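Let me begin by presenting the structure, written as structure tokens, before commenting on it.
Keep in mind the model is a prediction, meaning the values are calculated, not measured. Just follow the structure's listing: the first ligand is 1, and inside any ligand the first atom is 1.
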Amino acid sequence: MKRSIFARIFSSYFLVILLLGVLVLLFTLRTIRNHYIDTLADDLKNLGYAIQLKVMPLYLEGDFDALDSLVKQLGSSINTRITIVDTTGLVWADSEEDPAKMENHKSRPEISKALRGQTGRSMRFSETVKSDMLYIALPLMKNQRVAGVIRLSLFLEDIDRLIGKLRRRIIDISLIVILASMLIAALYARSLTKPIRKLADAARRVAEGDFDVKVILKKGDELNELADSFNFMTDKIKELFINLSHQKKELNSILASLQEGLLVTDESGKILLCNESCKRFAEGDMVQGKFYWEFLRNPKLTELVNQVIEKKKNVTVEVEFGEIVFLCNGTYVEPSREIVLVFHDITEMKNLENIKKDFVVNVSHELRTPLTAVKGFVETLESEVDQEHKRYLEIIKRHTDRLINIVQDLLLLSDLEEHSTKLEKEKLDMLHLIENVLKVFEPQIKEKDLKVGINSKDNIPRILGDPFKLEQMFINLIDNAIKYTQEGAINISLAPQEEDLKIEIEDSGIGIPHEHLNRIFERFYVVDKSRSRSVGGTGLGLSIVKHIVLLHNGEISVESILGKGTKFTIILPIGGEGK
Ligand code: ADP
């Protein structure tokens with residue numbers, strides 16, 4: 001159970017007051033009773049001395065009847081029991097009883113003390129009168145010797161009655177004091193808890209969003225410092241809140257004006273944020289808290305999100321929603337475990353690209369036939385012209401060959417770029433494939449006197465791939481190695497690597513300057529135009545190679561040292577998971 005601070009302070013005070021009250025009451029009553037009995041005993045003693053003078057003559061004369069009636073008379077008038085006992089303990093006179101019927105009193109503690117010449121005092125239950133009594137016994141002295149004992153006794157009942165009255169009064173006063181103390185304690189506890197309650201109320205209001213609340217306390221104690229800090233804190237929070245709201249508004253207007261669709265989800269796919277552009281191509285009313293796939297139904301997008309979560313890195317894919325094509329980029333935000341998806345509308349670009357592609361394909365097709373015809377005529381003419389004109393024909397033939405190569409490469413490239421391109425896959429012995437390609441290049445190798453080495457382990461696994469496309473890949477790479485190596489060697493190595501096959505084609509040729517390395521796979525990119533042209537290059541060879549590797553779901557990389565040589569490394573999955 002939650003107990004308030006007020007209840008705790010008040011109950012502590014209550015317990016302390018109650019305990020003190022009870023202790024004071026107990027000790028006071030006991031002390032008063034003892035003190036009262038002491039006073040009574042002193043009074044009795046004095047009374048005893050006074051009565052002693054009266055009873056002494058009769059006692060000494062032995063007139064015990066007269067003594068008994070005197071004692072009875074005195075006893076009733078002073079409301080005190082008087083007993084006269086001789087040295088043997090025999091009772092000779094008693095104000096309450098018949099002395100003849102009373103037993104020997106020698107063993108009574110007060111009597112035996114008085115018989116020894118001292119004042120005896122005792123408090124006990126009297127069998128004779130069946131009541132608690134206070135006894136004072138004084139020796140009756142004759143010639144300096146104890147001749148008997150006079151005993152005065154009082155009923156303690158009377159004392160207790162008196163004490164009882166006193167106790168009731170004390171209890172009444174104590175109760176009033178306790179009640180008054182409790183009232184003061186309650187007021188004090190309230191004064192202590194009031195500022196705390198004020199602070200708690202203010203904190204609750206701040207939590208509810210009211211930052212204008214201020215806590216003002218009267219007293220200048222520690223709580224006042226706390227209140228000052230609280231007020232300072234609310235001012236700061238207000239400032240921060242205003243800044244944040246301002247920033248949020250700014251961010252919202254930026255997001256709303258963004259052309260790109262923006263979607264932020266958590267790992268389960270719940271929408272945390274989406275901008276207007278994103279809502280435009282979503283099905284239905286996209287709202288926070290729902291799952292993105294309820295509005296953006298696309299298996300490629302789901303696959304992308306899964307990949308982003310799994311790999312925790314940036315992934316980009318093309319996704320289509322109706323007629324619109326988007327380049328969707330997914331990023332994983334590590335600390336908040338969120339996925340940020342940005343949709344760029346690339347429909348226009350795609351259309352243009354398609355037009356461009358169609359144009360290239362059409363032009364290439366149109367050029368192929370006339371170029372082949374030109375080449376044919378040139379070859380026919382070669383045998384019929386003189387040496388002088390043969391030189392010109394040579395130039396025409398070289399240029400025609402180059403154009404034919406470009407047209408062929410362009411057609412091949414557009415075929416590879418076609419989305420519908422499917423690979424005709426079969427299990428392939430790569431070593432065999434490379435050896436066959438090398439056979440094609442034997443004349444050039446011989447002409448340049450190049451050393452070709454194949455370094456292959458025995459256990460090279462067969463890989464699943466398209467034989468024609470992979471052959472084309474090796475043709476282009478080996479052709480380049482031969483083209484750009486004047487002397488030296490070409491080394492080809494094959495080695496399995498986990499689930500993949502690693503193929504390296506290394507030459508000791510002219511090398512590629514470092515700044516060109518990351519561009520050589522682009523279409524028509526050549527390092528040295530005149531050199532490329534002189535060796536019949538088109539600038540499309542490596543672009544074709546890269547497409548073939550990607551279609552097989554592989555990777556290609558290049559390392560080169562200028563003047564020393566170049567090494568192309570291809571990693572192909574053995575299972576050939578590509579298209
Ligand atoms: P090209 O038909 O001109 O050879 P590629 O696309 O095959 O076109 O190659 C692009 C450029 O990369 C070439 O022009 C050449 O400068 C450079 N290159 C490619 N392979 C090699 C190599 N083995 N050694 C040196 N340079 C190379």
Side-chain angles (χ1 to χ4, degrees), residues 360 364 367-368 371 397-417 434 437-438 440-445 447-455 468-494 502-552 554-571:
V360 171
S364 309
L367 285 176
R368 195 158 56 173
L371 281 172
K397 197 179 153 203
R398 219 176 55 232
H399 282 282
T400 317
D401 275 341
R402 194 163 168 266
L403 277 173
I404 290 172
N405 282 346
I406 290 179
V407 165
Q408 265 173 356
D409 281 355
L410 276 175
L411 283 172
L412 186 64
L413 204 56
S414 41
D415 179 42
L416 292 172
E417 280 175 347
I434 293 168
V437 172
L438 281 172
V440 179
F441 289 102
E442 246 163 31
Q444 288 98 312
I445 293 168
E447 193 185 315
K448 287 194 172 181
D449 195 22
L450 298 172
K451 283 187 189 65
V452 179
I454 300 182
N455 181 7
F468 295 106
K469 301 229 160 50
L470 289 176
E471 193 179 62
Q472 183 67 54
M473 177 184 89
F474 286 120
I475 288 174
N476 288 7
L477 288 169
I478 294 169
D479 182 34
N480 277 352
I482 297 169
K483 272 195 304 196
Y484 300 107
T485 309
Q486 286 316 312
E487 55 182 44
I490 297 168
N491 279 309
I492 302 169
S493 71
L494 297 165
K502 183 172 161 189
I503 307 157
E504 289 174 341
I505 299 171
E506 192 174 4
D507 61 55
S508 58
I510 56 165
I512 305 166
H514 188 258
E515 64 272 22
H516 295 275
L517 278 180
N518 55 350
R519 296 203 60 191
I520 55 168
F521 294 102
E522 290 173 20
R523 288 162 174 224
F524 293 112
Y525 193 86
V526 290
V527 175
D528 182 342
K529 272 195 184 130
S530 56
R531 188 190 286 267
S532 169
R533 223 169 266 165
S534 69
V535 290
T538 62
L540 293 167
L542 286 181
S543 193
I544 292 169
V545 168
K546 183 155 190 183
H547 268 83
I548 295 173
V549 173
L550 291 182
L551 279 175
H552 283 84
E555 283 167 30
I556 181 162
S557 57
V558 58
E559 294 159 55
S560 184
I561 301 171
L562 200 61
K564 288 259 158 86
T566 309
K567 180 164 94 177
F568 284 91
T569 307
I570 300 148
I571 311 268

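- Heavy-atom contacts of Gly541 reach the following atoms of ligand 1: 5 (P), 6 (O), 7 (O) (cutoff under 4.0 Å).
- Annotation: side chain of Ser532 is in contact with side chain of Tyr484 (closest heavy-atom distance under 4.5 Å).
- Contact annotation: the side chain of Ile434 approaches that of Leu494 to within less than 4.5 Å [non-hydrogen atoms, C-beta and beyond].
- Regarding atom 2 (O) of ligand 1, its nearest protein heavy-atom neighbour is Thr538 N, 2.8 Å.
- In terms of protein heavy-atom proximity, atom 1 (P) of ligand 1 is nearest to Gly539 N, 3.5 Å.
- Note: Leu412 CG to Asp409 CG = 6.5 Å, rounded to the nearest 0.5 Å.
- The line from CD of Gln408 to CG of Leu371 is 10.0 Å long, rounded to the nearest 0.5 Å.
- Using a 4.0 Å heavy-atom cutoff, Lys483 is listed among the residues neighbouring ligand 1.
- Nearest protein neighbour of atom 3 (O) of ligand 1, counting heavy atoms only, is Ser532 OG, 2.8 Å.
- Distances below 4.0 Å separate heavy atoms of Val526 from the following atoms of ligand 1: 3 (O), 14 (O).
- With hydrogens left out, the protein atom closest to atom 7 (O) of ligand 1 is Asn480 ND2, 2.8 Å, a heavy atom.
- Using bins of under 30°, 30° to 60° and over 60° for the plane-to-plane angle, the ring pair Phe568/Phe521 lands in the perpendicular bin.
- Nearest-residue assignment for atom 23 (N) of ligand 1 (options Val527, Thr566, Asp507; heavy-atom criterion): Asp507.
- Heavy atoms of Asn476 stay at 4.0 angstrom or farther from ligand 1.
- The option from Phe521, Tyr484, Phe524, Tyr525 that lies nearest to atom 21 (C) of ligand 1, judged by heavy atoms, is Tyr484.
- Residue, atom and distance of the protein heavy atom nearest to atom 26 (N) of ligand 1 are Ile512 CG1, 3.3 Å.
- For Glu555, the CD atom sits in a loose shell: 12 or fewer heavy atoms of surrounding residues, nucleotides or ligands are nearer than 6.0 Å.
- The heavy atom nearest to atom 12 (O) of ligand 1, considering only Ile544, Ile520, Ile490, Ile505, is found in Ile520.
- Separation of atoms CD1 (Ile520) and CG (Asn480) is listed at 8.5 Å; rounding is to 0.5 Å.
- Scanning the protein heavy atoms around atom 6 (O) of ligand 1, the nearest turns out to be Leu542 N, 2.9 Å.
- Taking the side chain as every heavy atom from C-beta outward, Phe524 and Leu410 approach each other to under 4.5 Å.
- The closest side-chain heavy-atom distance from Phe474 to Ile505 is below 4.5 Å.
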